[in-house]
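Here the structure is laid out as structure tokens; the discussion comes afterwards.
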Amino acid sequence: MERKTSVWIGAGAALLPMALLASLLVYVAVLTQCEPDDGGAGRVDLSAVPTGPIGAMGWRGVQLVNAAHIMNAAVDLGLSRRDQAIGVMTAMGEASLTVLDRGDVAGPDSRGLFQQRERGWGTYECRMNPTCSAQSFFRALMKVSGRDSMRPTILAHTVQINADAEHYTRFWPDAEQVVAA
């Protein structure tokens with residue numbers, strides 16, 4: 001009986017290094033094949049923007065190009081993928097991802113993707129430029145204390161001061177899909 005036990009112990013001792021080596025190889029293979037989803041923002045190649053439609057509201061064409069400008073502005077400022085989606089969501093809710101050269105009753109001087117007003121948001125030329133207007137939006141967003149723990153729609157409302165704090169909520173799923181595409 002003692003001899004059988006020592007044979008099993010010897011066999012186990014011989015197989016242990018091989019099992020450890022196999023485990024290490026699998027671990028290294030997994031690490032080199034997979035990148036963690038850290039929520040990092042990615043730069044968009046404007047020549048490779050999908051044509052759409054994307055999302056429940058069917059975003060397409062120039063709307064998606066404008067979303068790409070918003071996303072790239074976020075990257076240029078070192079912001080996250082979540083921030084990219086918040087910017088896209090806000091422009092969806094403000095101007096349907098279109099550079100508007102008109103305001104509304106609440107803001108007759110509002111212009112651009114974010115319907116930014118003359119006072120506080122920059123020149124007409126900046127507000128009508130997708131990149132410049134997005135940078136203005138993101139700079140204001142970056143000043144919001146505790147923004148990373150806020151719901152996206154409330155954060156957008158804090159920056160834009162919309163009459164309805166939940167106005168942007170219906171755009172969030174589409175914004176996430178546009179950013180992912």
Side-chain angles (χ1 to χ4, degrees), residues 39-55 57-148 150-172 174-181:
R43 185 158 201 78
V44 180
D45 177 356
L46 294 174
S47 68
V49 172
T51 57
I54 296 174
M57 296 180 195
W59 308 99
R60 65 182 71 232
V62 71
Q63 293 171 312
L64 297 176
V65 171
N66 287 331
H69 283 291
I70 294 167
M71 293 170 64
N72 288 344
V75 170
D76 292 344
L77 293 170
L79 297 175
S80 70
R81 184 180 175 109
R82 177 180 185 259
D83 294 327
Q84 285 179 315
I86 291 169
V88 170
M89 171 192 71
T90 304
M92 287 173 167
E94 289 294 333
S96 297
L97 287 175
T98 304
V99 179
L100 295 179
D101 194 14
R102 60 178 159 68
D104 57 18
V105 174
D109 60 335
S110 296
R111 297 291 184 272
L113 285 172
F114 294 89
Q115 284 295 279
Q116 295 160 325
R117 301 193 65 187
E118 185 175 22
R119 185 173 174 195
W121 289 105
T123 65
Y124 171 82
E125 291 77 22
C126 179
R127 292 178 291 141
M128 293 299 289
N129 178 295
T131 299
C132 187
S133 63
Q135 289 171 340
S136 295
F137 171 80
F138 286 126
R139 285 189 187 105
L141 179 125
M142 292 165 63
K143 294 177 184 176
V144 176
S145 178
R147 69 184 173 90
D148 290 333
M150 296 173 79
R151 287 188 302 121
T153 186
I154 298 303
L155 180 54
H157 167 70
T158 301
V159 173
Q160 293 293 110
I161 313 171
N162 193 293
D164 176 8
E166 296 296 333
H167 171 71
Y168 305 102
T169 301
R170 66 188 176 115
F171 300 101
W172 181 245
D174 275 13
E176 289 184 306
Q177 288 178 33
V178 166
V179 169

Open item on the list: Please find the pair of heavy atoms, one from Ala181 and one from Pro50, that lie closest to each other, and give the distance.
Closed with: O-CG, 3.9 Å
Task: Verdict with reasoning, Leu64 to Thr51, per side-chain contact (heavy atoms from CB on, under 4.5 Å) - done: CA-CA 7 Å; Leu64 297 176; Thr51 57; 5.9 Å; no
Task: Short side-chain to backbone donor-acceptor contact, Asn72 and Arg43, under 3.5 Å - done: no
- [ ] For Thr169 and His167, indicate whether the former's side chain and the latter's backbone hold a donor-acceptor pair under 3.5 Å.
- [x] no
- [ ] Kindly give the heavy-atom pair with the smallest separation between Leu46 and Ala68, and that separation in Å.
- [x] CD2-CB, 3.5 Å
Task: Main-chain N/O of Leu97 paired with Asn66 side-chain donor or acceptor, under 3.5 Å - done: yes
Open item on the list: Whether the side chain of His69 engages the backbone of Thr131 through a donor-acceptor N/O pair (distance < 3.5 Å, no angle test) should be reported.
Closed with: no
Open item on the list: By the definition side-chain contact (heavy atoms from CB on, under 4.5 Å), identify the one residue from Arg151, Met92, Gln160 that meets it with Tyr168.
Closed with: Gln160
- [ ] Look up atom CD1 in Ile86 and atom CE in Met150, then write down how far apart they are to the nearest 0.5 Å.
- [x] 9.0 Å
- [ ] Grab the two heavy atoms, one from Val99 and one from Met128, that are nearest each other, plus how far apart they are.
- [x] CG1-O, 3.3 Å
TODO: Decide side-chain contact (heavy atoms from CB on, under 4.5 Å) for Ile70 and Gln84; before the verdict, give the C-alpha distance in whole Å, the side-chain angles of both, and the deciding distance to 0.1 Å.
DONE: CA-CA 7 Å; Ile70 294 167; Gln84 285 179 315; over 6 Å; no
Open item on the list: Checking the side chain of Gln63 only, and the main-chain atoms of Ser96 only, is there a donor and an acceptor separated by less than 3.5 Å?
Closed with: yes
Task: Ion pair check, Glu125 and Arg111, cut-off under 4.0 Å - done: no
TODO: Measure the CE-CD distance between Met89 and Glu176 for me, rounded to the nearest 0.5 Å.
DONE: 9.5 Å
TODO: From the options Cys132, Ser110, Ser136, Cys126, select the one residue that forms a side-chain contact (heavy atoms from CB on, under 4.5 Å) with Gln116.
DONE: Ser136
Task: Taking every non-hydrogen atom, the tightest pair across Trp121 and Ala140 - done: CH2-CB, 3.8 Å
TODO: Could you tell me the separation between the CG atom of Leu141 and the CG atom of Asp83, rounded to the nearest 0.5 Å?
DONE: 5.5 Å
Task: Rounded distance [0.5 Å steps], CG in Leu113 versus CG in Leu100 - done: 8.0 Å
Open item on the list: Which heavy atom of Ala85 sits nearest to which heavy atom of Val179, and what is that distance?
Closed with: CA-CG2, 3.6 Å
Open item on the list: Could you check whether Asp101 and Tyr124, counting side-chain N and O atoms only, form a donor-acceptor pair closer than 3.5 Å?
Closed with: yes
Task: Flag side-chain contact, heavy atom, 4.5 Å: Thr98 against Val62 - done: no
Open item on the list: With rounding to the nearest 0.5 angstrom, report the CD to CG distance, Gln115 to Asp104.
Closed with: 6.0 Å
Open item on the list: Can you list everything that forms a ring-ring contact (aromatic ring centres under 6.0 Å, His included) with Phe137? Sequence neighbours excluded, please.
Closed with: Phe114
Open item on the list: Could you check whether Arg119 pairs with Asp109 (Lys NZ or Arg NE/NH1/NH2 to Asp/Glu carboxylate O, under 4.0 Å)?
Closed with: no
Task: Worked verdict on Arg60 versus Ile54 for side-chain contact (heavy atoms from CB on, under 4.5 Å) - done: CA-CA 7 Å; Arg60 65 182 71 232; Ile54 296 174; over 6 Å; no
Task: Closest heavy-atom pair and its distance - Gly58, Pro53 - done: CA-CB, 3.7 Å
Open item on the list: Working note: Val159 + Val144, criterion side-chain contact (heavy atoms from CB on, under 4.5 Å); need CA distance, chi angles, decisive distance, verdict.
Closed with: CA-CA 8 Å; Val159 173; Val144 176; 4.0 Å; yes
